[in-house]
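See below for the structure under consideration.
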Amino acid sequence: MDYNPNKIEKRWQKFWERLEIFEAKDFSKKPKKYILIEFPYPSGEGLHVGHCRPYIALDIVSRKRRMEDFNVLFPMGWDAFGLPTENYAIKTGIHPKIATRKNTVNFKRQQKNLGFSFDWTREINTTDPSYYKWTQWIFVQLFKKGLAYKAKMPINWCSSCKIGLANEEVIDGRCERCGEKVVKKEKEQWLLKITDYAERLIDDLEKVDYPERVKTLEKDWIGRSKGYEIKFQVSNSKFKEKRFINVFTTRIDTIFGATYLVVAPEHTILEKLKKEIENWKTVERYIEKSKRKTDKERISEIKNKTGIKLKGIRVLNPATNKEIPIFVADYVLMHYGTGAIMSVPCHDKRDFDFAKSYNLPIIKVIKSEEKEKRPGFTLSSESYKEVYEGEGILVNSKRFNGMKSETARERIADWLAKKKLAKKSVHYKLRDWIFSRQRYWGEPIPMVKCEKCGWLALPEKELPLKLPNVKEYKPTEKGESPLAKIGKWVGTKCPKCDGPAKRETDVMPNWAGSNWYYLRYCDPKNDENLASPKLLGYWMPVDWYNGGMEHTTLHLLYSRFIYKFLWDIGTIPKFLSPEPYKKRTSHGIILGEGGIKMSKSKGNVISPDNVIKQYGADTLRVYEMFMGPFNQSIAWDTKGVKGVRRFLDKVWKLSNQFINLSQSKSQQSVSDLEKLLQKTIKKVSEDIEALKFNTAVSSLMEFSNAWQKNIKGLKKKNFKDFLKILSPFAPHLAEELYQKFKVQSSKRKATTKSSKVSKLKSIFKEKWPKYDIKLIKEEKIVLIIEINGKVRDKIKVKKEISEEEAKKIALNSPKIKKWLQAKKIKKTIFLKNKLINFVII
RNA sequence: GCCGGGGUGGUGAAAUCGGAAAACACGAUGGAUUCAAAAUCCAUUGCUCGCAAGAGCUUGAGGGUUCGAGUCCCUCCCCCGGCACCA
């Protein structure tokens with residue numbers, strides 16, 4: 001009988017479901033493992049093969065863990081709020097709820113066809129009111145702690161999606177979803193104070209096992225700079241009280257070279273000093289012009305910096321005590337640091353560019369030790385034509401001359417601190433998270449605005465605040481959520497004074513539901529809590545979380561923030577780690593055939609449905625693991641799929657032949673094949689842990705190639721072990737062969753003993769095999785014989801032979817003799833069990 | 001510009017404690033089977049020279065360390081990802 005996956009795969013999927021073997025058991029005595037993959041957005045297009053790669057990989061890990069006797073939680077759910085479904089509703093008038101239901105049914109069907117070992121009893125959906133009740137509850141808690149606030153601010157606005165975007169959602173000045181240019185727009189928005197957690201979000205990265213590049217990406221995104229805030233006094237102010245401008249710098253060691261000061265156009269000091277600025281009109285015009293500039297325009301001016309000198313006022317450099325001029329220039333950003341800088345043109349590229357165009361003095365205060373070592377260097381030859389941004393030795397800095405940058409920083413800071421002119425300061429690039437979307441298909445923000453009492457959170461007993469039905473899904477012309485059009489819903493009573501009040505009509509961004517979903521899997525049906533502390537205590541933290549690299553500064557960062565918040569307020573038991581994910585790994589993207597990105601518009605999307613139909617789910621699974629390194633992007637190749645199918649066909653054929661073999665009396669001797677199997681067990685076991693699935697599969701292939709040459713070379717136990725290590729990759733095939741083998745064996749026994757057929761026990765209830773270390777050890781090794789480091793012969797020898805013996809054997813080789821003719825051995829290098837190298841002249 | 005990852009056959013790739021470069025697979029070529037094709041099986045397959053035995057060359061380029069370098073060090077080039085006037 002030929003291998004026909006379509007005939008067997010459905011049967012075993014149902015079998016596993018009936019046996020409930022993939023269900024996680026709360027409070028089981030077995031040690032737990034929580035294995036998580038990012039839950040998908042159920043789009044109308046269905047799963048594509050790229051989605052499957054991480055699912056297959058972590059399914060393999062989960063299956064192995066169960067066989068290693070862990071209580072495994074491997075759940076799945078739906079991150080179903082979001083724009084595509086809403087846009088679909090705008091186009092077709094079909095309610096997003098209905099479209100979502102249809103899509104999730106389809107996604108689930110597709111996943112089931114791949115034989116994933118998810119615990120479906122814990123399925124969740126972010127659009128389910130019993131779920132988003134808790135998403136809203138978290139918002140209310142954030143509000144109560146002052147971490148959610150409403151502010152009018154310029155936001156990134158996509159005029160095509162009619163939606164405000166978080167910084168993280170703007171790619172190259174364009175909308176992440178539709179590619180439309182993003183413009184700035186003043187809008188009242190809900191924001192979450194993620195900046196309060198910036199420090200912990202960096203520091204706690206030391207507690208987790210993430211790939212280094214993920215950590216770096218998060219750190220760079222948060223962008224911590226440690227430095228000093230320094231006060232520069234406005235020297236000739238007509239005001240009686242002293243006025244200061246605060247600057248932030250990481251290079252206080254260069255302060256003696258600060259020859260002017262620059263403030264951002266939005267800086268409030270400008271308004272305050274208005275009367276003293278003699279050229280206020282010009283300055284005002286410049287400010288207006290800057291405001292109108294888009295981010296892109298600002299960036300395009302990097303080389304050509306503009307600014308205006310503020311006439312009539314000057315500041316004192318606190319180090320030199322000299323008066324220096326002030327400029328307003330838009331190369332200084334208001335939202336970073338203090339919105340003002342001290343400019344050190346000799347040691348900062350940007351300041352240098354600006355100083356050159358405005359003819360400002362450039363004073364060298366740091367000399368590079370390295371540069372001066374270069375031949376022909378003299379201090380005078382190095383005029384001030386060059387910027388030096390590195391560290392070095394201080395010059396032109398009075399009593400700090402000769403100090404290294406590092407020491408100088410501390411000394412100068414101490415000195416200025418004593419005069420109350422400097423203090424330590426830390427700044428972050430990270431900005432607060434814009435949490436409002438003027439859209440329909442999202443969680444309503446459970447807030448009410450009372451004319452008297454201001455913004456109030458809905459009482460918790462009124463949650464969930466359900467998303468009302470609307471007829472028209474389009475945002476209003478003013479860019480408000482379609483919810484704003486439902487007068488009856490918007491008008492409500494103030495929870496505090498009972499007076500008239502209005503509901504917030506913005507909804508939450510699509511990241512809201514995924515912030516905390518992994519917590520819900522621990523206790524998916526709880527109505528009292530987002531999850532019970534006991535169950536959180538049992539299952540958390542997530543032991544292994546795999547997801548896309550593209551989520552590093554979005555979902556991953558956001559969810560770490562929300563977890564930390566929930567930990568702070570005690571929703572998460574305090575004995576748990578302040579980090580939700582112990583280990584994070586990432587998968588590479590699957591590209592279309594020829595290496596182009598798969599997309600609907602290019603028409604090169606490959607659906608797992610078709611692959612399964614043609615080759616079977618197991619082939620798809622093994623192929624996706626075999627195609628290349630897991631964390632690397634890789635192009636789909638139909639020929640490669642065929643090659644994997646050939647491998648499974650071979651396993652099928654060989655196994656059936658083996659099963660039908662009338663077993664001779666169990667052999668005593670250990671065959672080479674058996675030894676190879678031990679190595680294969682070791683390799684597969686280790687490679688799964690290291691996510692090296694491609695080489696795990698290739699070792700299985702190597703084994704089957706060897707087996708083909710000696711079908712009888714295996715014992716029954718070996719055959720079972722082989723099926724076990726194959727089973728996470730090709731679960732259906734392995735289960736089929738395993739059951740067939742058991743039936744065949746019991747039939748044989750039945751002739752002599754009772755005819756009772758044992759009750760079916762899944763291969764996934766078996767124990768993961770251990771390899772026999774004694775059998776892996778070889779008695780013989782191949783000794784490599786080199787001459788001057790080049791391989792000239794290889795001879796099989798006994799293990800552990802001495803240098804003397806090896807030399808004797810090597811010198812006996814005709815090939816080596818030829819090479820050594822009339823040559824003198826200068827040196828011999830011997831590496832036990834590896835090689836012998838003769839160095840000749 | 002800065003940070004991170006990478007560059008190995010016709011292709012996807014193996015091999016990173018410095019010790020056999022190219023495992024496994026795809027493709028290609030030849031053969032067996034077949035009326036024929038598909039499928040399957042067997043053989044060959046880094047490049048150059050050679051009838052062969054064999055020899056030389058080869059991991060982006062160039063240098064270095066070493067008995068020995070894909071692997072370590074220096075300089076440079078290219079590709080991918082991220083950030084980008086962040087003081």
Side-chain angles (χ1 to χ4, degrees), chain A residues 2 171-172 211-221 223-225 227-228 247-252 254 258 262 264 295 298-303 305 329-333 335-344 347-351 353-354 389 427-431 549-550 552-553 588-589 595 623 626-629 631-644 646-647 649-650 653 692 694-705 708 782-794 815 818 825-831 833-840:
Chain A
D2 283 344
I171 309 292
D172 266 341
E212 214 40 58
R213 57 182 176 144
V214 170
K215 287 190 183 182
T216 316
L217 228 55
E218 292 218 342
K219 278 184 203 160
D220 288 354
W221 185 261
R224 175 160 62 189
S225 297
Y228 296 90
V247 306
F248 173 67
T249 181
T250 53
R251 292 297 300 273
I252 198 169
T254 64
V262 189
D295 282 356
R298 275 189 135 180
I299 288 163
S300 68
E301 284 168 9
I302 282 180
K303 283 266 142 157
K305 293 180 173 52
D330 61 7
Y331 82 91
V332 172
L333 308 171
H335 61 249
Y336 188 75
T338 59
I341 60 157
M342 63 174 207
S343 206
V344 186
H347 304 289
D348 183 287
K349 183 113 200 349
R350 299 152 297 177
D351 297 342
D353 290 344
F354 189 80
E389 293 191 305
H427 284 275
Y428 299 91
K429 277 200 266 183
L430 184 71
R431 285 190 254 167
M549 217 47 206
E550 71 278 15
T552 305
T553 52
I589 297 164
Y623 171 64
F626 182 61
M627 63 195 301
N631 59 7
Q632 188 178 303
S633 293
I634 207 152
W636 186 265
D637 177 19
T638 304
K639 286 177 193 139
V641 182
K642 282 184 190 160
V644 166
R646 241 173 264 172
F647 161 62
D649 277 329
K650 185 189 279 178
K653 210 178 74 192
K692 286 158 86 179
N694 51 337
T695 47
V697 172
S698 81
S699 72
L700 288 166
M701 286 173 169
E702 268 176 272
F703 174 78
S704 69
N705 289 343
Q708 191 172 27
V782 176
L783 181 76
I784 292 148
I785 306 164
E786 292 180 351
I787 288 171
N788 285 347
K790 286 209 164 116
V791 181
R792 295 302 178 190
D793 203 4
K794 303 158 200 171
K815 284 183 189 169
K818 209 179 81 192
I825 295 171
K826 216 168 85 181
K827 197 175 167 188
T828 307
I829 287 133
F830 177 69
L831 259 158
N833 297 331
K834 195 82 208 177
L835 62 80
I836 185 158
N837 183 14
F838 299 113
V839 184
I840 59 172

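The figures here come from the full heavy-atom set of this structure, side chains too, leaving out hydrogens, waters and symmetry mates. Quick note on labels: first sequence line is chain A, next is B, and so on, each numbered from 1.
Atom name P, nucleotides C24(B) and A43(B): the rounded distance is 12 Å, in whole Å. Between C41(B) and C26(B), the two P atoms lie 10 Å apart (nearest whole Å). The C1' atoms of G7(B) and G62(B) are separated by 16 Å, rounded to the nearest whole Å. For the C1' atoms, the distance linking A22(B) with G9(B) amounts to 7 Å, nearest Å. G46(B) and A37(B) have their C1' atoms separated by 33 Å, with the value rounded to a whole Å. For G70(B) and G63(B), the P atoms lie 15 Å apart once the distance is rounded to whole Å. As rounded to the nearest Å, A14(B) and C2(B) have P atoms that lie 30 Å from one another. For the C1' atoms, the distance from G4(B) to G18(B) is 26 Å, rounded to whole Å.
Under the Watson-Crick or G-U wobble criterion, with both distances below 3.5 Å, G30(B) is paired with C42(B). Under the Watson-Crick and G-U wobble criteria, each requiring two contacts below 3.5 Å, nucleotide G12(B) is paired to C24(B). In this structure, A69(B) forms no base pair with any nucleotide, since neither Watson-Crick nor G-U wobble geometry is met with both distances under 3.5 Å. Base pairing analysis places A53(B) opposite nothing; no Watson-Crick or G-U wobble pair with both distances below 3.5 Å involves it.
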- Each nucleotide of nucleotides 37-56 of chain B classed B (base within 4.0 Å of a protein heavy atom), S (only sugar-phosphate) or -, in 5' to 3' order, makes ---S--------------SS
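Between M701(A) and T695(A), the residue anchored nearer the 5' end of RNA chain B, judged by the nucleotide with its closest heavy atom, is T695(A). Comparing G640(A) and Y331(A), the nucleotide of RNA chain B nearest to each residue sits closer to the 5' end for G640(A).
In this structure, OG1 in T254(A) is found 8.5 Å from CG in D351(A), a value given to the nearest 0.5 Å.
Taking each heavy atom of R431(A) and H335(A) in turn, the nearest pair found is NH2-NE2, 3.4 Å.
Taking the six-membered ring where the residue is Trp, Y623(A) and W636(A) present perpendicular rings, their angle passing 60° and hence far from 30°.
No hydrogens or angles considered: a donor-acceptor pair under 3.5 Å links the side chains of K650(A) and N705(A).
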At a cut-off of 3.5 Å, list every protein nitrogen or oxygen paired with a nitrogen or oxygen from nucleotides 9-13 of chain B, distance to 0.1 Å.
| residue | atom | partner | partner atom | Å |
| --- | --- | --- | --- | --- |
| G12(B) | O2' | M627(A) | O | 2.6 |
| A13(B) | OP1 | Q632(A) | NE2 | 2.3 |

